[in-house]
Amino acid sequence: MGAVKTMQAVQDKGIKRYIMLSTVFSLDTSKWNQPGIADLKEYYVCKHYADQWLVKNSSLNYTIVQAGALKERAGTGKIIVNDDNAGENAIEDVATTLAAVLNADNTIKKVFSMHNGETAIDAALAKL
């Protein structure tokens, strides 16, 4: 309920923009038996519920960023979006993507997955 409470608090304050860091395939339960995901089912249930609440029950201008596995390594500044693979992300690249979404109005009311790839973050977001 923690994430939902933040959504409610933001709405109560009249803030319209909300960016959710989620996890890859949180809304696609058919992929939850994949290696690396199957062991995190409780986490996935929580993310699924929060993401669903944001999309279906809030009036927020949301963007849901579904990141693959987070890794402590140097960022590349390059990602791929909406790939069928869970992939891995340098934490720095996830943070940079979240910050870039703030200025990318084309991501409002969208959900996208990401992992490190070959496209500059801003260019990848522009294609959404």
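Atom set for the values below is all heavy atoms of this structure, side chains included, hydrogens, waters and symmetry mates excluded.
Applying the side chain to side chain donor-acceptor pair (under 3.5 Å) test to D93 and every residue at least two apart in sequence or in another chain returns T76, N116. Listed by chain and residue number, S59 satisfy the side chain to side chain donor-acceptor pair (under 3.5 Å) test with Q11 (two or more places apart in sequence, or in another chain). Scored by the side chain to side chain donor-acceptor pair (under 3.5 Å) test, E88 finds R73 as partners (sequence neighbours excluded). For L70, the side chain to side chain contact (heavy atoms under 4.5 Å, CB included) partners at least two apart in sequence or on another chain are A67, N89, I91, V94. Among residues two or more places apart in sequence or in another chain, the side chain to side chain contact (heavy atoms under 4.5 Å, CB included) test is passed with L102 by I19. Scanning for side chain to side chain donor-acceptor pair (under 3.5 Å) contacts around T96 gives an empty result, with sequence neighbours left out. Every residue meeting the side chain to side chain contact (heavy atoms under 4.5 Å, CB included) condition with A123, not counting sequence neighbours, appears here in chain and number order: T119, A120. Judged as a side chain to side chain contact (heavy atoms under 4.5 Å, CB included), and not counting sequence neighbours, the contacts of N106 are A104, L128.
Rounding to the nearest 0.5 angstrom, the gap separating the CG atom in N85 from the CD atom in Q34 is 8.0 Å. Annotation: the span from L27 atom CG to S22 atom OG amounts to 6.5 Å, rounded to 0.5 Å.
Under the 3.5 Å distance criterion, with hydrogens and angles disregarded, a donor-acceptor pair is assigned to the side chains of Q66 and S26.
For the salt bridge (charged side-chain N to carboxylate O under 4.0 Å, His left out) condition, no pair includes a residue of residues 36-54, sequence neighbours left out. Within the structure, every pair that satisfies the ring-ring contact (aromatic ring centres under 6.0 Å, His included) test and touches residues 13-37, not counting sequence neighbours, is listed here: W32-Y44, W32-H48. For residues 108-128, the set of pairs meeting the salt bridge (charged side-chain N to carboxylate O under 4.0 Å, His left out) definition, not counting sequence neighbours, is empty.
Put simply, the side chain of H115 does not reach to within 4.5 Å of the side chain of I79, judged on heavy atoms.
Other cluster members for I108: none, since no ILVMFWY side-chain heavy atom sits under 4.5 Å from it.
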